[in-house]
Amino acid sequence: LQITGLIFGGVGMVGTLAATAMPQWRVSAYVDGNIVVFETIWEGLWMDCISQLGLRLQCKFYDSVLALPPPLEAFRALMCMAVGLAIVSFLMAIVGVKYTQHSKEGHQGVSIFILAAGIAFLLTGTLVLIPVSWTGGSIVRDFYDPEVPAPLKRELGAALFVGWGSSALLLAAGAMYCHF
């Protein structure tokens with residue numbers, strides 16, 4: 001169970017890092033009858049990208065942190081905290097698993113490392129779940145809102161699915177370690 005939790009936590013940590021770095025949080029949607037598409041727009045936490053005919057990709061980092069909308073600033077902060085906490089919790093889990101295998105008589109030290117890693121994994125999974133779900137909810141809400149013009153409608157990007165998957169793995173790893 002400890003090794004499975006360590007694998008889930010490691011994959012969740014890598015997924016959290018990938019979801020934070022990926023520009024595909026919000027992807028342009030094609031809701032009109034026009035099926036000939038020349039550009040695909042990706043919006044992420046750090047940059048916007050435009051793919052032209054699937055051949056040329058141009059990405060541009062956001063110019064100013066001060067010009068970003070407040071939700072995007074908060075999502076950046078939450079995801080950066082989640083990446084840091086995921087690394088710390090993964091290292092605590094490694095120490096806990098190694099300490100369990102090398103020490104047979106002292107179970108109190110083992111349970112402290114494992115329990116701390118479990119709580120950290122649960123907190124990390126929650127930190128990832130908040131911005132990913134909030135962004136997904138706002139995309140769905142705007143997609144079905146008739147007041148939003150068709151060129152401004154977006155679809156769920158791949159980074160959101162990576163974030164949901166890594167959040168599930170982190171929460172599962174935290175539940176496994178808190179079970180001890």
Side-chain angles (χ1 to χ4, degrees), residues 1-27 42-49 59-62 64-66 68-103 106-140 154-180:
L1 197 59
Q2 288 180 357
I3 299 299
T4 304
L6 190 64
I7 292 169
F8 282 4
V11 173
M13 176 188 67
V14 171
T16 301
L17 183 60
T20 303
M22 289 172 70
Q24 296 100 340
W25 279 60
R26 298 165 42 101
V27 179
W42 299 339
E43 298 172 7
L45 295 177
W46 307 100
M47 68 182 93
D48 285 336
C49 296
C59 293
K60 182 178 185 282
F61 285 97
Y62 296 126
S64 172
V65 176
L66 299 175
L68 295 175
L72 186 60
E73 290 179 16
F75 297 160
R76 274 182 168 188
L78 285 173
M79 290 302 288
C80 288
M81 287 186 339
V83 166
L85 191 57
I87 293 169
V88 169
S89 54
F90 184 69
L91 293 176
M92 281 193 298
I94 289 174
V95 169
V97 169
K98 282 192 173 203
Y99 190 64
T100 299
Q101 293 179 358
H102 291 300
S103 173
H107 294 295
Q108 184 64 25
V110 171
S111 64
I112 289 174
F113 275 118
I114 295 296
L115 184 63
I119 292 170
F121 276 134
L122 288 173
L123 183 60
T124 304
T126 305
L127 284 176
V128 173
L129 192 60
I130 291 169
V132 170
S133 296
W134 194 302
T135 302
S138 70
I139 291 170
V140 170
R154 299 288 183 249
E155 291 180 348
L156 303 173
L160 296 180
F161 296 107
V162 171
W164 280 317
S166 64
S167 177
L169 289 172
L170 290 167
L171 291 172
M176 286 179 192
Y177 283 136
C178 286
H179 182 265
F180 284 104

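Nothing fancy with the numbering, it's 1 onward along the sequence.
Two residues are said to be in side-chain contact when any heavy atoms from C-beta on lie closer than 4.5 Å; L170 and T126 fail this criterion. Side-chain contact between M81 and T124 is absent, with no heavy-atom pair separated by less than 4.5 Å. Between V97 and I3, some side-chain heavy-atom pair lies under the 4.5 Å cut-off. Side chains of Y62 and M47 form no contact here, defined as non-hydrogen atoms less than 4.5 Å apart.
Side-chain atoms of R76 come within 3.5 Å of backbone N or O of L45 as a donor-acceptor pair. Between the side chain of Y177 and the backbone N or O of A116 there is no donor-acceptor pair closer than 3.5 Å.
Legend: side chain to side chain donor-acceptor pair (under 3.5 Å) pairs involving residues 3-22, not counting sequence neighbours: none detected.
Residues L68 and S64 approach most closely at CG-O, 3.6 Å, considering heavy atoms. Here the shortest heavy-atom pairing between C178 and L122 reads SG-CD1, 3.7 Å. The shortest heavy-atom contact between F8 and A172 is CD2-CB, 3.9 Å. G136 and L156 make their closest contact through CA-CD2, 3.6 Å (heavy atoms, listed as atom of the first residue, atom of the second, distance).
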Between side-chain atoms of residues 82-92 and protein atoms elsewhere (two or more places apart, or another chain), which donor-acceptor pairs fall under 3.5 Å?
residue: S89; atom: OG; partner: L85; partner atom: O; Å: 2.8
residue: S89; atom: OG; partner: A86; partner atom: O; Å: 3.0

For residues 157-169, which side-chain donor-acceptor pairs fall under 3.5 Å, sequence neighbours excluded?
residue: W164; atom: NE1; partner: S133; partner atom: OG; Å: 3.1
residue: S166; atom: OG; partner: V162; partner atom: O; Å: 3.1
residue: S166; atom: OG; partner: G163; partner atom: O; Å: 3.1
residue: S167; atom: OG; partner: G125; partner atom: O; Å: 2.8

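The side chain to side chain donor-acceptor pair (under 3.5 Å) search around Q24 returns none, not counting sequence neighbours. Taking the disulfide bond (SG atoms under 2.5 Å apart) definition, one finds that C80 meets it with nothing, sequence neighbours left out. Taking W42 as the reference, nothing meets the ring-ring contact (aromatic ring centres under 6.0 Å, His included) condition, with sequence neighbours excluded.
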* Step by step, would you call E43 with W25 a side chain to side chain contact (heavy atoms under 4.5 Å, CB included)? -> CA-CA 6 Å; E43 298 172 7; W25 279 60; 5.9 Å; no

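Between atom NZ of residue K60 and atom CG of residue D48 there is a gap of 8.5 Å, rounded to the nearest 0.5 Å. From F61, atom CZ reaches atom CH2 of W46 across 9.5 Å, with rounding to the nearest 0.5 Å. Of the inter-residue distances, the one linking M79 atom CE with T135 atom OG1 reads 9.0 Å to the nearest 0.5 angstrom. With rounding to the nearest 0.5 Å, the separation of NE2 in H179 from CD1 in I114 is 13.5 Å.
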